[in-house]
2 protein chains.
Amino acid sequence: MKQSGRTTLTPGIVEQLSLDIAEGHIEPGQKLSEAMLAKRFGTSRGPIREGLRRLEERGLVSFHPNIGARVATYSVKDYIHLFQAREAMEGMTAKLAAESMSLDDKTILRTVFHEHEKQLMNQPDSPYDQDPGDWDFHYLIAKRCGNPILSSLLCDELYQRIRLCRKQHCNTPGRGVRALKEHRRILEAIEENDGELAELMMRRHIAAARKVLESFLLANPTTIK
Amino acid sequence: MKQSGRTTLTPGIVEQLSLDIAEGHIEPGQKLSEAMLAKRFGTSRGPIREGLRRLEERGLVSFHPNIGARVATYSVKDYIHLFQAREAMEGMTAKLAAESMSLDDKTILRTVFHEHEKQLMNQPDSPYDQDPGDWDFHYLIAKRCGNPILSSLLCDELYQRIRLCRKQHCNTPGRGVRALKEHRRILEAIEENDGELAELMMRRHIAAARKVLESFLLANPTTIK
DNA sequence: CGAGGCATAATTGTCAACAATCTAATCTTA
DNA sequence: TAAGATTAGATTGTTGACAATTATGCCTCG
């Protein structure tokens, strides 16, 4: 595939592969053969390698010299550590959102919340890794908090890694209705421009999820798919 | 340069370039010619490009199609945003450090603090970007907080970007003795295993630095070097 | 003298080939 | 038969070459 206009091949490869990995179309730990990927994307190995290097930096791929790239795998400890980082960063995004998010975005956030509510009414005990409503809520706050540095760190890096963990350590329990109630409090705090409360609620929300995770994962040491 | 043993070229290039950029041997915004870098490292352009892609993902380099790579530049707003992210993440590292850092590391932390103290006695008004004592304190806490995810995000990504900002928007004022006093409180909280207090103190410390930065940068709109 | 256009040079994006390393299948031998 | 060595195949790491694009210098023209 030759060069076309002002675009370049690598960004597209990164985006597509990142999606495939986060959505689970490629399993954690799976080998990523450069020749295979080159064939799939219709390019040579050069742009593929550049893309893999970027994904390596995002923590989605790991390189081993002379052996090649694999989809990253995370230990149970790493999973917990990701949640600790999330707690700190998302607490801040909730605070910023409350303090400076546009009214339009806050309206959208409420819509997302109601979608989550409806979805939960229909199937109240959906497992954690099939709960897009919960996910959309957090994603929107992170994306529109007004701090692009935090948005990028969370949306491009942390979230994808956590999705990887969920695929790997499957059957992680969701928190269903309790999570929704906590979302309501966060939403209200954001709507009332109460940054301090929004941060506190978000941190409690994520800390609670982390604790459920901890007890579950320690009870079931290796639920590796 | 051919392949030698189990190592590969890219990691060394990344490490060296990252250092050069963070330490200011290469100016923000400067062009990074692939041919020049290849000559300098004694390799072909392949490994250079792979390294640049990784640095791009770290926010130290920006690519422009058909034009090439430059050392990243950050706006004043980005500088503030980096401090907001830092506040959230370093607050958490201080908390974790207080709760689970080894005694040996806490001893080292006290030594680093005293070094900072001595350094400040000798030259009390060193500018912000020539204040390694302050820096070492934060770096050690981040590195040894026990959460490798946070350590890596802070040490490999955020800190380097902030150093870039300091080079670009120079003459940022330091906070001298006041910063040291706040460090003492953080240190004491960590030594007493008081995670909650350590986090609070660290957040105030960084928020205070951010506010000084805000008023200074808004007063001197473009102090671009 | 300055603005705009053209040709040339330099640089980037991509590719295909080569050398080094790893993988596996087969063969040998105890 | 099982363990180890050996060899052929496949994959990675690196390189140099070529096409596309951009930057530079020169020239023309107003």
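First the proteins, then the strands, lettered A, B, ... as listed; each starts at 1.
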Nucleotide [N], atom [atom2] - distance to [atom1] of [X] in whole Å:
| X | N | atom1 | atom2 | result |
| --- | --- | --- | --- | --- |
| Leu37(B) | dT11(C) | CG | C1' | 13 Å |
| Arg70(A) | dT11(D) | CZ | P | 13 Å |
| Ile13(A) | dT14(C) | CD1 | C1' | 11 Å |
| Leu32(A) | dG13(D) | CG | P | 12 Å |
| Glu34(B) | dT22(D) | CD | P | 15 Å |
| Lys39(B) | dT11(C) | NZ | C1' | 15 Å |
| Phe41(B) | dG13(D) | CZ | P | 19 Å |
| Leu52(B) | dG13(C) | CG | P | 10 Å |

Just call it for Gly46(A): base, sugar-phosphate, or nothing, with non-hydrogen atoms closer than 4.0 Å on any strand.
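Contact class for Gly46(A): none.
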Distance check: side-chain N/O of Lys31(A) vs OP1/OP2 of dT12(D), anything under 4.0 Å?
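For Lys31(A), the contact criterion (side-chain N or O under 4.0 Å from OP1 or OP2 of dT12(D)) is met.
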Phosphate contact (dT12(D) OP1 or OP2) by Thr8(B) side-chain N/O below 4.0 Å:
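So the side chain of Thr8(B) is outside the cut-off, no N or O lying under 4.0 Å from OP1 or OP2 of dT12(D).
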Quick one: which of [options] gets closest to the side chain of [X]?
| X | options | result |
| --- | --- | --- |
| Asn66(B) | dG13(D), dC15(C), dG13(C) | dG13(C) |
| Ile67(B) | dG13(C), dA23(D), dG13(D) | dA23(D) |
| Arg49(A) | dG13(C), dT14(C), dT12(D) | dT12(D) |

Donor-acceptor pairs under 3.5 Å, side chain of residues 12-19 of chain B to any protein atom, not counting sequence neighbours: which ones?
residue, atom, partner, partner atom, Å
Gln16(B), NE2, Asp20(B), OD1, 3.3
Ser18(B), OG, Gln160(B), NE2, 3.4

Report the residue (Glu50(B) or Arg45(B)) whose heavy-atom-nearest nucleotide on DNA chain D is the more 5′ of the two.
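By nearest-heavy-atom nucleotide position, the 5'-most residue is Glu50(B).
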Residue pairs, two or more places apart or on separate chains, that pass salt bridge (charged side-chain N to carboxylate O under 4.0 Å, His left out) and touch residues 144-165 of chain A:
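Qualifying pairs, neighbours excluded: Asp105(A)-Arg144(A), Glu157(A)-Arg161(A).
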I'd like to know if Glu57(B) pairs up with Arg58(A) as an ion pair, taking the criterion as any Lys NZ or Arg NE/NH1/NH2 lying under 4.0 Å from an Asp or Glu carboxylate oxygen.
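Looking at Arg58(A) together with Glu57(B), the answer is yes, because their closest N to O distance falls below 4.0 Å.
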Between Arg49(B) and Glu34(B), is there a salt bridge with N-O shorter than 4.0 Å?
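So Glu34(B) pairs with Arg49(B) through a salt bridge.
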Could you check if a side-chain atom of His64(B) sits within less than 4.5 angstrom of a side-chain atom of Ser62(B), using non-hydrogen atoms only?
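SC-SC contact between His64(B) and Ser62(B) confirmed.
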